[in-house]
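Notes follow the structure.
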Amino acid sequence: WIARVSSVLFGLGSMLLLACWQPKDSRRLSIFLAALFSLSYIFVLYDSEARGYAAMLFGGLLSWWALEAHLRNRQILWLVLFWSGCAISMLGHLSGLQWYVTIALWSVLDSLFNSRDTLQARSRSLFIIHLPVMIGIFLLWSFFASQLPPGSGTLRSWVEVAISAFSIGY
């Protein structure tokens, strides 16, 4: 029951993050997203199950929100929240890695098109932002994921897994 309680708390935290998020357009959008989230059957189901999806979603939202704030303000607090969100997301469920890859690609594109810094400064900033997460992914894979027993299905190549993961998301 402790895992279920933590899932419910992570689900409530996700709703709070969506409600507190300040999009550029309007505050009404964040309230609408929180309401849509709270009424969605899938999110209510996953936020009450002990599978780790709620922690993955909360960590993903926290990391996205914190990275967006860090890219605007360049404060260390937002960077620590980003790293914490990535850790919560990937430790909650291994599919949090897909969330991180999306955020990483978004940050690279945002750096390319919305930054006034030099290319060297942008590269250094992205390196500082993403290196701790990459080290965490390496450690997670080395000590946990690689030790998991294979599932009941056939093992597939990395290319097939990547294509399947991206085709499910889009």
Between Phe127 and Ser123, is there a side-chain heavy-atom distance shorter than 4.5 Å?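 No, every pair of side-chain atoms sits at 4.5 Å or beyond.
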
Group every Ile, Leu, Val, Met, Phe, Trp and Tyr by side-chain heavy-atom contacts under 4.5 Å, then state whether [X] and [Y] land in the same group.
| X | Y | value |
| --- | --- | --- |
| Trp141 | Phe138 | no |
| Ile103 | Met134 | yes |
| Trp83 | Leu131 | no |
| Leu36 | Leu57 | no |
| Leu126 | Val133 | no |

Quick one: pull up [atom1] in [X] and [atom2] in [Y] and give me the separation to the nearest 0.5 Å.
| X | Y | atom1 | atom2 | result |
| --- | --- | --- | --- | --- |
| Leu61 | Phe10 | CG | CZ | 12.0 Å |
| Leu9 | Ser14 | CG | OG | 11.0 Å |
| Leu91 | Ser84 | CG | OG | 11.0 Å |
| Ile129 | Leu71 | CD1 | CG | 5.0 Å |

Side chain [X], main chain [Y], donor-acceptor under 3.5 Å:
| X | Y | value |
| --- | --- | --- |
| Ser125 | Ala121 | no |
| His70 | Ile76 | no |
| Ser111 | Ser107 | no |

Partner set under side-chain hydrogen bond (donor to acceptor under 3.5 Å, both in side chains) for [X], not counting sequence neighbours:
| X | result |
| --- | --- |
| Asn73 | none |
| His93 | Ser95 |
| Tyr53 | none |

Of the non-hydrogen atoms in [X] and [Y], which two are nearest, and what is the gap between them?
| X | Y | answer |
| --- | --- | --- |
| Phe82 | Leu67 | CD1-CB, 3.6 Å |
| Ala55 | Ile88 | O-CG2, 3.5 Å |
| Gly11 | Ala54 | N-CB, 4.2 Å |
| Ser89 | Gly60 | CB-N, 3.7 Å |
| Met90 | Leu97 | CG-N, 3.8 Å |

Side chain to side chain contact (heavy atoms under 4.5 Å, CB included) between Trp64 and Leu17, worked out: CA-CA 10 Å; Trp64 182 29; Leu17 281 175; over 6 Å; no

Apply the test side chain to side chain contact (heavy atoms under 4.5 Å, CB included) to residues Glu68 and Trp106: give CA-CA distance (whole Å), side-chain angles for both, the deciding distance (0.1 Å), then the verdict. CA-CA 10 Å; Glu68 191 177 39; Trp106 173 81; 4.1 Å; yes

As a quick check of understanding, evaluate side chain to side chain contact (heavy atoms under 4.5 Å, CB included) for Leu79 and Ile128, giving each step before the final call. CA-CA 9 Å; Leu79 197 54; Ile128 291 169; 4.1 Å; yes

Please name the residue in the list Phe58, Trp99, Tyr100 that meets the side-chain contact (heavy atoms from CB on, under 4.5 Å) test with Ser63.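 Testing Ser63 for a side-chain contact (heavy atoms from CB on, under 4.5 Å) against Phe58, Trp99, Tyr100 leaves exactly one candidate, Trp99.
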
